[in-house]
Amino acid sequence: MEPILQIKDLQIDVKMDEEVLNVVKNINLEIGKREIYGIVGESGSGKSLTSLAIMGLLASPPLQVSKGEIVFEEEKDLLKLSPKELRKIRGNKISMIFQEPMSALDPLFTIEDQLMESLKFHTKLSKKEMKRACVKIIERVGIPRPEQIMKEYPHQLSGGMRQRIMIAIAMLCNPKLLIADEPTTALDVTIQAQILELMKELRDDFETSILMITHDLGVIAETCQRVAVMYAGEIVEETDVVSLFHRPKHPYTKGLLKSMVGDRSDALYSIPGKVPSVEQMPTGCRFVTRCPEAMDICARVSPDDLEVAENHRCKCWIYQEEMANHV
Amino acid sequence: MSETLLKVESLEKFFPVKAGVFKRTKGYVKAVNDVSFEVKAKETLSLVGESGCGKSTLGRSILRILEPTGGKVLFNDKNILDYSKQDLRKMRRDMQLVFQDPYSSLNPRMTVRELVSEPLYTHFSISKVEANQRVDEILEKVGLPLEHSKRYPHQFSGGQRQRISIARALVLKPKLVVADEPVSALDVSIQAQILKLLVDLQEEFDLTYLFISHDLNVVKHISDRVGVMYLGKIMELADTEALYQDPLHPYTKALLSAVPTSDPLVKKERIILKGDVPSPTDPPSGCPFHQRCPLAEEQCRNVLPEFVEVRPEHWVACHLVEE
């Protein structure tokens, strides 16, 4: 599969007074054309930072990309582009939708203004053509009475409608990659089902790749083809969705799957402890403080990213030891 | 079956909508509209529904944090809506609430010990030594190390804060705990920890839970019985098993089918509902769900279905469900 986006060895640091602390490390992933790629992790795992780095939207300072490449369409390294060049791509070839549709839309402008903004910036269409494009996209995302809705303000719409408008704005310029950061977290289940269905349809219609960022394994199971599991700023496991749910390798992934509430077994499993803070990051494997299978070596040395099966990467000493024994 | 601890009879909570210069009442938001159910001692009854369905208002009306506008709430066979303020305060020892957001429900200027002992001083004339002893006991039970009792809420993570909230509620040894979305603000792995804690504490202290949540997976795990709410009304109420395996109301069916699967290989038959929940200021005539219901018939548009027991212990409000 042709990759639309490749992230190579990405590292993000935060500069605090004198210290430089690492928040995201060794991110390697590849998103193919028309693929829905998921990043799953708990809060503080660095999944949103990774997506902001792709968009060039990291709050810098204090955050900075200290290493790595983000290659878009196999040619441009997004990290090396000038702000002007980046603006041409952002909202045009790569666009993004956020978790909270109320705070992502400007309450002082009508829906029409907010839709037209990106068209004005990225295209040379006449006003009439722009309007037509807006009506078309609003209809496409499943909102009735588009002409009327265009004149309304965000507060007049429900949460589900606002998220549809966000998606409409993101899809207006027919992007190659859509980054969706927790697109359904603020929504009810019935509305979530509508929005996920819509995103899958749009992927087919517009041939857009989607990077789906979520904490919800259910959303991943519903939509994605490939998944990366992030923990404390690192990808600990990466594979296709079926392998992840049926043959998880990393103890963290296993724990996460087991603590999915209400399913399968009756005894509720929980991962003890909490994600370590940036200041107290363990020197070895970052999961060592909570891992039920931790060994001596885990606390001292960080494990390598290993290909444990075909197209299945995992960062854990258990498999590294196993492989070493085989040789 | 065990005895009834809490009985709610045709409870109503209407909020007036005022408009114009003289703030005349223009209409009502019927947040809780003619709701009746029972909670048995030592069981967990959950109320699920989408945002705006009135589940939180219902929980608060039962505790009289919001004053209900009609109906009865019988706790131990006495209608607490008749109570005076003083009686109500005494009664609150037995009914405690755990809130959703552990960030805003704890006073940031109080230490954990002050927070957890506060309800003791409010409700009992108790010596400091005795209070401290009870605080120590409950902190241990909820899994907070004693050395943390001198710390302030901001020094804790979300999960730890929720433990403090739970300790605050349980230090009075209540009979009924109303838990309003207690795990919604937490990460998955932490959610599981807190749910486990709630279940353990229930066994240890013989607690009765009224559990309010929008998360159908959480509810399935923790409840004995589940009530599904829509637009201020309970649409279906049954044993957890019966409700999840064999839902009768079309809304329950749609709601359950919308829950994402935990297995990418299983493709669920999905009922996608059209549109949003209608505004409770102007609820539709007839069945409140008829505008979104895939099966709606003529009578659904005009006649409000009654809440009837169609099978033993299985209550449904729908014209299309046969007894």
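Lettering follows sequence order; numbering is per chain, from 1. Fair warning: this is a prediction, and the values are worked out from it, not measured in the lab.
- Contacts of B:I194 with chain A are absent, with no heavy-atom separation under 4.5 Å from either backbone or side chain.
- Around CD of B:E140, the count of heavy atoms belonging to other residues, nucleotides or ligands within 6.0 Å does not exceed 12.
- For A:Q192, the part sitting under 4.5 Å from any heavy atom of chain B is the side chain, from C-beta outward, and nothing else.
- The two atoms that bring B:K274 and A:Q194 nearest to each other are C-NE2, 4.0 Å, heavy atoms only.
- The nearest pair of heavy atoms linking B:S51 to A:D188 is OG-OD2, 2.6 Å.
- Between B:Q193 and A:G273, the shortest heavy-atom contact is NE2-O, 3.2 Å.
- Atom NE2 of A:H215 is separated from atom CD of B:Q191 by 7.0 Å, given to the nearest 0.5 angstrom.
- At distances below 3.5 Å, not a single donor-acceptor pair connects side-chain atoms of B:E50 with backbone N or O atoms of A:V189.
- Taking chain B as the reference chain and counting heavy-atom pairs below 4.5 Å, the highest number among A:A193, A:A221, A:G255 is found for A:A221.
- In terms of heavy-atom pairs under 4.5 angstrom with chain B, the leader among A:G160, A:S43, A:P144 is A:S43.
- Residues B:A192 and A:S259 share a closest heavy-atom pair of CB-CB, 3.9 Å.
- Contacts between B:I272 and chain A at a heavy-atom distance below 4.5 Å involve the side chain alone, from C-beta outward.
- Residue A:E310 places its CD atom among 12 or fewer non-hydrogen atoms of other residues, nucleotides or ligands, all under 6.0 Å distant.
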